[in-house]
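One-based numbering along the sequence shown. Bear in mind that the values here come from a model prediction, so they are computed numbers and not experimental data.
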Amino acid sequence: MSQHIYGIDFGTSNSVLAALNKDNNKIVHVLSESSLIYFQNAQHLYIGNQAIHKYIENNMSGRLLKSLKTLLPQSNFTFTYIFGKKYTAEDLVGLILQFLKKEADAVLQEDVKEVVLGRPVVFSEDPEKDKLAENRLRTAAKKVGFEKILFQYEPIAAGYLYEQTLETPELVLIGDFGGGTSDFTLMKLDKNKSALKDRRSDIIKTGGIHIGGDDFDAAIMWHKLVSYFGYGIKYDSYGKMLDLPVHIFRTLCEWEQMAFLKEGKIRKQLDNYYQYTNKNPALKRLMDLIDSNLGFALFRAIEKTKVTLSEQESSEITFRGSNMDIHHVLGLDEFNQSISKDTREIEAFLTDFVRNSNVDFSDIHNVFLTGGTSSTKSVMDIFEKNFAPEKIHRGDNFNSVAQGLALSYTHL
């Protein structure tokens with residue numbers, strides 16, 4: 001067997017690999033990439049951060065795929081054709097895993113065969129779909145050359161990393177906030193137990209909800225920008241003034257879905273609506289957004305604004321494209337209001353989660369938060385309502401889970 005093992009946090013937005021030296025139980029290498037695949041054409045594809053650069057360099061032509069993790073529990077997704085080649089969910093996920101493995105293997109000069117894969121507490125509330133997702137992820141790992149494949153819940157992995165900093169045993173609430181889910185684990189952590197093989201009795205409860213950073217981006221699009229592209233405009237239909245179909249604007253809130261607006265019947269309808277609205281410039285902007293594949297670039301601007309609001313009271317959404325010149329100031333209060341439904345659901349889930357664990361908030365010694373979305377002010381407010389500031393601890397937002405996955409190898 002090889003000297004190293006990998007922990008891989010395959011995420012909705014970003015994926016991270018951490019390499020552990022099994023001889024000294026030390027993390028020796030960390031690699032982080034965006035969870036993106038860009039098919040420029042039938043011969044050329046790019047993974048991760050390079051996918052972004054190549055996509056923009058080629059004027060956003062070709063096909064860019066994101067949020068591949070969300071495909072894993074979708075039983076109705078069997079395959080897709082990309083430039084005439086058939087790809088299953090396992091194939092697409094495997095491309096990212098293969099890229100991470102190849103890059104890390106080159107650094108370590110070793111063909112590593114063992115991996116601990118992270119998984120959310122709930123891929124799906126449907127047990128069959130949840131099982132399907134894990135099996136697909138396992139198959140993808142086998143396809144790229146891993147032979148020993150283990151799984152660990154992502155927030156538990158983050159807990160193992162935090163455990164290394166503790167001097168005394170603690171009951172810890174771990175929150176992992178990613179692009180697609182918010183996951184929680186309540187666990188007894190004790191540095192003196194870190195070498196034990198079986199820690200299952202220390203896990204009090206796990207749970208999760210399908211709300212994450214992508215939902216917050218979508219909320220900004222819906223509350224701040226869809227009107228710029230025609231939402232709320234009426235069109236003339238034989239003397240009756242009707243609303244434009246709301247589903248068009250809901251689709252705008254997920255940039256990867258915009259491609260469907262470019263195809264067939266809907267795109268032809270947009271041409272008609274443009275005429276029926278007396279060539280309203282907002283509809284022209286909408287068609288340009290779709291036809292020029294500008295959805296990804298626009299959502300990058302939205303995400304940048306969201307990140308800035310983690311530290312500032314206001315930020316400006318700035319975007320320029322074909323017939324577009326967006327400069328919209330978004331205040332923190334306005335942003336918080338736009339995501340209030342999502343954060344209320346997260347807070348309600350957390351309250352029930354703690355109550356159903358048969359403990360009070362006061363019984364929990366400390367909180368450990370990780371994942372990019374944990375920086376959002378409204379998310380932090382949830383914990384600051386229930387815990388003293390000195391009890392709330394932050395990990396590396398993007399690398400904590402992968403490192404914890406590698407460290408959890410001895411427990412699996």
Side-chain angles (χ1 to χ4, degrees), residues 11-14 67 70 120-122 154-155 158 162 172-186 207-227 250 252-255 298-318 328-355 361 364 366-398 400-401:
T12 304
S13 303
N14 297 283
S67 302
T70 63
V121 175
V122 283
E154 290 155 359
Y162 175 63
V172 178
L173 174 66
I174 304 149
D176 179 18
F177 296 86
T181 60
S182 300
D183 289 330
F184 302 98
T185 294
L186 187 63
I209 185 171
H210 283 284
I211 296 174
D214 289 352
D215 299 286
F216 295 172
D217 295 342
I220 294 174
M221 182 69 180
W222 179 253
H223 289 278
K224 197 68 178 177
L225 295 180
V226 288
S227 59
R250 287 292 183 189
L252 291 186
C253 295
E254 299 179 65
W255 70 261
L298 177 57
F299 267 79
R300 287 190 80 192
I302 289 172
E303 184 178 23
K304 182 178 178 181
T305 300
K306 177 187 70 177
V307 171
T308 302
L309 288 172
S310 297
E311 300 175 349
Q312 299 180 14
E313 290 296 313
S314 68
S315 184
E316 185 176 44
I317 306 170
T318 303
H328 287 326
V329 174
L330 180 63
L332 180 60
D333 288 343
E334 186 180 4
F335 171 56
N336 289 343
Q337 182 59 37
S338 72
I339 63 172
S340 59
K341 179 177 180 293
D342 291 328
T343 52
R344 283 197 302 269
E345 288 186 34
I346 292 172
E347 183 171 16
F349 181 89
L350 176 61
T351 301
D352 288 342
F353 176 84
V354 172
R355 182 185 301 117
F361 280 100
I364 299 171
N366 279 300
V367 176
F368 182 70
L369 304 177
T370 189
T373 307
S374 67
S375 299
T376 306
K377 184 67 168 58
S378 286
V379 172
M380 285 299 298
D381 286 346
I382 294 170
F383 294 92
E384 290 173 356
K385 283 181 189 176
N386 296 291
F387 299 97
E390 63 271 16
K391 285 190 170 187
I392 303 172
H393 305 272
R394 301 292 301 278
D396 182 320
N397 281 347
F398 300 104
S400 294
V401 170

Report yes if the side chains of [X] and [Y] come closer than 4.5 Å at any heavy-atom pair, otherwise no.
{"X": "Lys224", "Y": "Glu334", "answer": "yes"}
{"X": "Phe177", "Y": "Ile211", "answer": "no"}
{"X": "Phe335", "Y": "Thr305", "answer": "no"}
{"X": "Asn386", "Y": "Ile364", "answer": "no"}
{"X": "Thr376", "Y": "Thr343", "answer": "no"}
{"X": "Phe216", "Y": "Leu309", "answer": "no"}
{"X": "Val354", "Y": "Phe184", "answer": "no"}

Shortest non-hydrogen contact from [X] to [Y]?
{"X": "Ser13", "Y": "Gly179", "answer": "OG-CA, 4.0 Å"}
{"X": "Leu186", "Y": "Phe353", "answer": "N-CZ, 3.9 Å"}
{"X": "Leu173", "Y": "Phe383", "answer": "CD2-CE2, 4.0 Å"}
{"X": "Thr370", "Y": "Ser400", "answer": "OG1-CB, 3.4 Å"}
{"X": "Thr12", "Y": "Gly180", "answer": "OG1-N, 3.7 Å"}
{"X": "Val122", "Y": "Ile209", "answer": "CG2-N, 4.4 Å"}

Could you tell me which residues satisfy side-chain hydrogen bond (donor to acceptor under 3.5 Å, both in side chains) with [X], sequence neighbours excluded, listed by chain and number?
{"X": "Glu345", "answer": "Lys341"}
{"X": "His393", "answer": "Asn366"}
{"X": "Asn336", "answer": "Ser378"}

Whether the side chain of [X] engages the backbone of [Y] through a donor-acceptor N/O pair (distance < 3.5 Å, no angle test) should be reported.
{"X": "Thr373", "Y": "Gly178", "answer": "yes"}
{"X": "Asp215", "Y": "Gly212", "answer": "yes"}
{"X": "Ser338", "Y": "Ile220", "answer": "no"}

Determine, step by step, whether Leu330 and Ser315 satisfy the side chain to side chain contact (heavy atoms under 4.5 Å, CB included) criterion, reporting the C-alpha distance in whole Å, the side-chain angles of both residues, the deciding distance to 0.1 Å, and the verdict. CA-CA 5 Å; Leu330 180 63; Ser315 184; 5.6 Å; no
Between [atom1] on residue [X] and [atom2] on residue [Y], distance to nearest 0.5 Å:
{"X": "Ser182", "Y": "Leu369", "atom1": "OG", "atom2": "CG", "value": "10.5 Å"}
{"X": "Glu313", "Y": "Thr308", "atom1": "CD", "atom2": "OG1", "value": "12.5 Å"}
{"X": "Glu311", "Y": "Leu332", "atom1": "CD", "atom2": "CG", "value": "12.0 Å"}
{"X": "Leu225", "Y": "Ile302", "atom1": "CG", "atom2": "CD1", "value": "5.0 Å"}

Using side chain to side chain contact (heavy atoms under 4.5 Å, CB included) as the criterion, list what pairs up with Ser227, not counting sequence neighbours. none
Does anything in residues 380-395 form a salt bridge (Lys or Arg N to Asp or Glu O under 4.0 Å)? List the pairs, not counting sequence neighbours.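 Only Glu347-Lys385, Lys377-Asp381 qualify under salt bridge (Lys or Arg N to Asp or Glu O under 4.0 Å).
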Under the salt bridge (Lys or Arg N to Asp or Glu O under 4.0 Å) rule, what pairs show up with a residue in residues 298-307, not counting sequence neighbours?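 Matches after skipping sequence neighbours: Asp217-Lys306.
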Applying side chain to side chain contact (heavy atoms under 4.5 Å, CB included), run through Phe299 and Glu254 and close with a yes or a no. CA-CA 9 Å; Phe299 267 79; Glu254 299 179 65; 6.0 Å; no
